[in-house]
Amino acid sequence: MKPIFTLLLLLFTTVSFSQRKTFLDFRNESTAIYPGCENAENKEDCYREKVGALILEEINKSNTAKSLGLEEFSIKVTIFSKASGEAPFKAETENERIKGLAVSALEKLPAIIPINDLRGKPTSSSYGFFVSFKKNNNTKQYEQVIKSTTEDMKKKPHPFPMVIEHAHFKDCSAEDEFVSACFEDKFIIWITEEIGNELESLKGTKVKIKVAVDKEGNVSVNKIETSSDKLKKVLEKAFINFPKIKPAVINGQTSGIVYDIMPLSF
């Protein structure tokens, strides 16, 4: 029976492991995400600029009412991102008026998207940085001084390079990626057999699946995203029977790992 779905986009993982990765990759992996920065090349720069813009709005509002009398200044901001998305913060600067404005602005921080640990679970982290502002003498308002760190970080190597053998079906060879051609073939055969007669009724539906592979090679569904309740229930039932596979090996140690397979289009 020919399967009636395709893998449109294969795979990315929630961990960094390639020795070819750079310091930019490391920072993107270890910095919580400010809403709107999910697809930014440099999530850290985007985070800093978004926070700066939030403070800038408060600064210019106050400066319009009463001049701050400064040509330029900086504020040190530390944000403690919790796994829940809450973001306690601290603002530091010598000027008490500016500090008060920064605190007022930071009280409007949105929920921050936390980083994930190797198991794919949200975890707490902190991010400290400076935001700088300079007065525009033509407009009499302040502007954020933006300096990109992207190119500099691309030149530096990843500080914690990992050597990984991806989890794989027992009769497939280990590859540089989880969804290898062998995995794809066996996955299609497996899911076709498991869903069986339901395939035709699911035509046109799409889904994103996050799976966890433990140290013993057991595969479980971590998360299923789809607009079809029927497809979600069918996949949850199907994955109960997912065959045991070879677990991942990271730096010589057998390890649990989380993978995103996205999206599947039926």
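One-based numbering along the sequence shown.
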Would you check if Q141 and N63 make a side-chain contact, meaning some heavy-atom pair closer than 4.5 Å?
yes
Do F169 and F242 have ring centres separated by under 6.0 Å?
yes
E38, CD: over 12 other non-hydrogen atoms inside 6.0 angstrom:
yes
Is the Y142 to F133 ring centre distance short of 6.0 Å?
no
Restricting to non-hydrogen atoms, name the atom on R97 and the atom on S62 that form the minimum distance, rounded to 0.1 Å.
NH2-OG, 2.8 Å
Kindly determine whether I224 and V221 satisfy side-chain contact (heavy atoms from CB on, under 4.5 Å), including the steps that lead there.
CA-CA 7 Å; I224 294 176; V221 174; 3.3 Å; yes
Stepwise, does the side-chain contact (heavy atoms from CB on, under 4.5 Å) test hold for V77 with I79?
CA-CA 7 Å; V77 177; I79 299 177; 3.8 Å; yes
Flag yes if more than 12 heavy atoms outside N39 fall under 6.0 Å of its CG atom; otherwise flag no.
no
Scanning both residues in full, the closest heavy-atom pair of K82 with P88 reads CE-CG, 3.8 Å
Throw together a table of side-chain donor-acceptor distances under 3.5 angstrom for residues 98-110, partners on residues two or more places apart or in other chains.
residue: S104; atom: OG; partner: E58; partner atom: OE2; Å: 3.4
residue: K108; atom: NZ; partner: E58; partner atom: OE1; Å: 3.0

Check for a donor-acceptor pair, side chain of E86 on one end and backbone N or O of S84 on the other, with a separation under 3.5 Å.
no
Hey, quick one: are F80 and I55 part of the same hydrophobic cluster, counting side-chain heavy atoms closer than 4.5 Å, chains of contacts allowed?
no
With rounding to the nearest 0.5 Å, note down the distance linking OG in S228 to NZ in K233.
9.5 Å
Using a cut-off of 6.0 Å, state whether more than 12 heavy atoms not belonging to E236 lie near its atom CD.
yes
Below 4.0 angstrom, N of the basic side chain to O of the carboxylate: do K134 and E143 qualify?
no
Minimum heavy-atom distance N42-M153, with the two atoms named
ND2-CE, 3.2 Å
Residue pair C46 / G36: nearest heavy atoms and the distance that separates them:
SG-O, 4.4 Å
Intermediate values then yes/no, side-chain contact (heavy atoms from CB on, under 4.5 Å), E49 and Q144:
CA-CA 8 Å; E49 290 167 19; Q144 186 177 178; 4.3 Å; yes
Could you walk me through whether N241 and E194 satisfy the side-chain hydrogen bond (donor to acceptor under 3.5 Å, both in side chains) test, starting with their C-alpha distance in whole Å, then the side-chain angles of each, then the deciding distance to 0.1 Å, before giving a yes or no?
CA-CA 8 Å; N241 300 318; E194 286 297 320; 3.1 Å; yes
Flag the pair K186 / C172 as yes when at least one side-chain heavy-atom distance between them is below 4.5 Å, and no otherwise.
yes
Under 4.5 Å between any side-chain heavy atoms of R48 and V131, yes or no?
yes
Mark yes or no for whether D214, through its side chain, and G256, through its backbone, hold a donor-acceptor pair below 3.5 Å.
no
Are any non-hydrogen side-chain atoms of V211 and V258 less than 4.5 angstrom apart?
no
Smallest separation among heavy atoms of S124 and A83, with atom names
OG-N, 3.3 Å
At what distance, to the nearest 0.5 angstrom, does OG of S126 lie from CZ of F89?
15.0 Å
Give a yes-or-no answer on whether the side chains of T123 and N116 include a donor-acceptor pair shorter than 3.5 Å.
no
Aromatic plane relationship, Y127 with F129 - under 30° parallel, 30 to 60° tilted, over 60° perpendicular
tilted
Nearest-0.5 Å distance, NZ of residue K155 to CG of residue L24
13.0 Å
State, yes or no, whether a side-chain contact exists between D25 and T22 at a heavy-atom distance under 4.5 Å.
yes
Y259 ring center within less than 6.0 Å of H166 ring center
yes
Quick one: do S148 and T150 satisfy side-chain hydrogen bond (donor to acceptor under 3.5 Å, both in side chains)? Show the steps, please.
CA-CA 6 Å; S148 175; T150 301; 3.2 Å; yes
List the steps and the verdict of ring-ring contact (aromatic ring centres under 6.0 Å, His included) for F183 and W190.
CA-CA 10 Å; F183 179 96; W190 168 79; 9.4 Å; no
Do NZ/NE/NH1/NH2 and the carboxylate oxygens of K223 and E225 come within less than 4.0 Å?
yes
Heavy-atom side-chain contact between H168 and C182 under 4.5 Å:
no
Could you check if a side-chain atom of I209 sits within less than 4.5 angstrom of a side-chain atom of T226, using non-hydrogen atoms only?
no
Please determine if D45 and K147 form a salt bridge, counting it only when a charged side-chain N lies under 4.0 Å from a carboxylate O.
no
Does the side chain of I115 come within less than 4.5 Å of T31's, by heavy atoms?
no
I'd like to know if L235 and V219 are part of one continuous hydrophobic network [Ile/Leu/Val/Met/Phe/Trp/Tyr, side-chain heavy atoms within less than 4.5 Å].
yes
Return the minimal non-hydrogen interatomic distance between K135 and K140, and the atom names on each side.
CE-O, 3.8 Å
Here the gap from E216 atom CD to K246 atom NZ, rounded to the nearest 0.5 Å, amounts to 13.0 Å
Residue set satisfying salt bridge (charged side-chain N to carboxylate O under 4.0 Å, His left out) with E41, at least two apart, ordered chain then number -> K154
Which pairs of donor and acceptor atoms, one on a side chain in residues 66-76, lie under 3.5 Å apart (sequence neighbours left out)?
residue: S67; atom: OG; partner: G69; partner atom: N; Å: 3.2
residue: S74; atom: OG; partner: S132; partner atom: OG; Å: 2.8

